[in-house]
Amino acid sequence: MSAALAYHAATNAPAGGTDEVSVLDQATRPHPFKDYRDADRLPLETSVAGPVLSDGAGVVRSRETGWGTIWFRGYSSAGALYPVEAYAATPVGLLSFDALGRSFARVRADDVRSQLAAAAADPRLADAGAILVLTGIPARTGWKYGERGYRHIWWDAGTLLANVLALAAADGLRPQLRVAFIDEDVNRVLRVDGVHEYALALVALGGEAAPPGANIASNSLLLAPSGPSFPLAERAHAASSLDDADAVRGWRAGQGEDEPALARDELVRAIRRRGSVRRYAPDPLPRRELAMLLAWSEAPIPVDAPPVVRQLVTVASVEGLESGVYDAELTRLRAVGERELRAAVGFAAMEQEHPRAAAANVFQLADVDAVVARLGDRGYRWAQLEAGIRAGRLQVGAFMRGWGAAASTFYDDEVSRLLGTNEAPMLMVSIGPR
Ligand SMILES: Cc1cc2nc3c(=O)[nH]c(=O)nc-3n(C[C@H](O)[C@H](O)[C@H](O)COP(=O)(O)O)c2cc1C
């Protein structure tokens with residue numbers, strides 16, 4: 001059996017079960033930011049990547065709790081654990097995005113764009129104005145979700161990418177997402193160890209102004225966090241790594257169509273206002289607007305992988321639609337009475353109230369066996385990431401329309417049963433008026 005499929009089966013959450021580890025000690029909650037010590041600081045305006053990251057992935061608010069501060073970001077992250085870090089390879093060096101300090105910390109003073117282009121077997125990347133690299137830190141999300149935290153890394157990278165791709169397109173940067181690359185080479189460029197922190201995806205951003213500033217010497221940073229180990233996830237990650245340029249070229253499927261360009265100010269306003277909404281007004285959603293939101297979520301992703309996620313919608317309260325299960329074009333597949341549907345959705349969503357109360361829920365699904373048969377274990381990573389991107393678009397798009405939304409965890413088999421499919425749920429998003 002493939003390591004990815006073994007991982008998937010072992011981390012299914014059964015009905016009545018939980019997705020959390022048994023003991024959560026807030027005293028050991030991981031800090032969701034890097035410690036940059038005395039690193040060189042550069043302003044976010046240093047790179048075209050700066051505005052995209054600060055508006056798409058920055059800190060938007062904070063809350064004090066009995067055990068410390070929670071910083072909320074422009075994208076959703078289960079448990080507010082934020083296991084994803086972002087780097088920008090620029091002409092003035094490799095910069096780490098410090099969301100808390102609202103600046104870049106320089107990790108390396110040399111220009112590593114050509115090295116990343118080689119690792120992605122795509123020479124054109126060397127001319128990108130900046131190459132964003134997202135990494136995952138399993139200890140952060142594993143603290144709460146254990147082995148299932150590996151799924152969360154991809155989901156959270158997806159909600160972050162939804163913002164970053166949309167903003168970069170709005171900035172005219174023609175973002176190109178790359179999920180095929182030589183893992184070891186990218187990790188080496190970033191100086192991360194590939195186990196406690198590893199590269200997830202690259203995003204090439206076009207057009208950079210001339211690099212400002214002098215070439216200051218590199219800092220030695222504490223960038224390789226250690227932490228607990230998650231053997232199933234580590235095995236799935238290693239088995240889905242690509243080892244050389246031929247493997248990258250063999251896996252890659254084109255580069256996808258351009259990201260749709262939306263109005264930047266509307267996007268930024270929605271991202272700043274976004275928060276996970278768990279209380280909805282009882283009013284129905286307007287059908288046409290919901291169809292438009294779904295169309296954005298379904299729109300092409302500018303990526304070197306084929307789409308593998310299908311979305312289905314449970315409609316409890318949408319103008320002009322009977323309650324039931326629909327496809328992403330809002331064609332009804334099955335009528336289900338509203339009471340029964342709400343109860344089943346609430347149960348499948350790990351017995352939570354907000355999916356039950358929402359006007360609609362959108363489920364991201366993939367036939368994981370078929371995905372792995374076609375794309376190997378790396379296809380599993382991409383399925384989870386694609387689900388996160390589509391779920392991220394749904395959340396921001398809901399806020400652009402004045403509605404609320406929230407992602408939710410779920411009992412895997414209950415979702416498949418509810419939707420009448422053999423596909424596995426990757427993620428789900430509740431949507432409703434506030
Ligand atoms: C993949 C994923 C799963 C989530 N699951 C749940 C959930 O089951 N229940 C819930 O109330 N919130 C859930 N959330 C929302 C997070 O708790 C929320 O994003 C986080 O606390 C940050 O707050 P914010 O989204 O309001 O900025 C989920 C978020 C993501 C990205």
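Read the numbers this way: they start at 1 and go in the same order the structure lists the ligands and their atoms.
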Less than 3.5 Å between some nitrogen or oxygen of [X] and one of ligand 1, yes or no?
X    : value
R61  : no
T159 : no
T409 : yes
R274 : yes
Y82  : no

(message) Which residue is it: R140, R73, K34? I am looking for the one with a salt bridge (Lys or Arg N to Asp or Glu O under 4.0 Å) to E85.
(response)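 Of the listed residues R140, R73, K34, the salt bridge (Lys or Arg N to Asp or Glu O under 4.0 Å) partner of E85 is R140.
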(request) Mark the output for A406 as yes if a heavy-atom distance to ligand 1 is under 4.0 Å, and as no if none is. (result) no
(request) Work out whether the distance between some heavy atom of Q395 and some atom of ligand 1 is less than 4.0 Å. (result)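 Distance cut 4.0 Å: Q395 fails for ligand 1.
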(request) Look at K144 together with D19 and state whether they make a salt bridge at an N to O cut-off of under 4.0 Å. (result)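 Answer for the salt bridge query: no.
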(request) State whether R417 and E414 are salt-bridged, where the test is any N-O pair (Lys NZ or Arg NE/NH1/NH2 against Asp/Glu carboxylate O) under 4.0 Å. (result) yes
Which ligand 1 atoms does [X] reach within 4.0 Å, using its non-hydrogen atoms?
X    : value
G275 : 26 (O)
W155 : 1 (C)
L427 : 1 (C)
A80  : 20 (C), 21 (O)
G79  : 17 (O)

(request) Tell me whether the guanidinium CZ or amine NZ of R378 lies under 6.0 angstrom from the six-membered ring centre of F181 and within 45° of its axis. (result)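 So R378 does make the cation-pi contact.
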(request) May I ask you to check if R29 and Y82 form a cation-pi contact, with NZ or CZ under 6.0 angstrom from the six-membered ring centre and within 45° of the axis? (result)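 Relative to the ring axis of Y82, which defines the angle, R29 lies outside at least one limit.
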Counting non-hydrogen protein atoms only, what is the nearest one to [atom]? Give residue, atom name and distance.
atom                    : result
atom 20 (C) of ligand 1 : S77 O, 3.1 Å
atom 13 (C) of ligand 1 : A407 O, 3.3 Å
atom 15 (C) of ligand 1 : S276 OG, 3.3 Å
atom 11 (O) of ligand 1 : R278 NE, 2.8 Å
atom 9 (N) of ligand 1  : Q352 OE1, 2.7 Å
atom 23 (O) of ligand 1 : F72 CD2, 3.3 Å
atom 3 (C) of ligand 1  : A78 CB, 3.7 Å

Check whether any side-chain heavy atom of [X] sits under 4.5 Å from a side-chain heavy atom of [Y], and report yes or no.
X    : Y    : result
L94  : R191 : no
F399 : R269 : no
P32  : L81  : no

(message) Would you say H237 and Y198 are linked by a side-chain donor-acceptor pair, where the criterion is simply a distance under 3.5 Å?
(response) no
(request) Sort out for me which residue in L134, L132, V303 forms a side-chain contact (heavy atoms from CB on, under 4.5 Å) with V203. (result) L132
(message) Quick check against the 3.5 Å criterion: does W154 have a side-chain atom that pairs as donor or acceptor with the backbone of W382?
(response) no
(message) For M350, which part has a heavy atom under 4.0 Å from ligand 1: side chain, backbone, both, or neither?
(response)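 Neither part.
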(message) One residue to check: D156. Relative to ligand 1, which of side chain, backbone, both or neither has a non-hydrogen atom less than 4.0 Å away?
(response)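 It is the side chain that gets close, since no backbone atom is under 4.0 Å.
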(request) Evaluate the ring planes of H152 and Y145, with Trp represented by its six-membered ring, and classify them as parallel (under 30°), tilted (30 to 60°) or perpendicular (over 60°). (result) parallel
(request) Would you confirm whether the ring centroid of Y150 sits within less than 6.0 angstrom of the ring centroid of F230? (result) no
(message) Among G74, S76, A391, which one puts a heavy atom closest to atom 31 (C) of ligand 1?
(response) S76
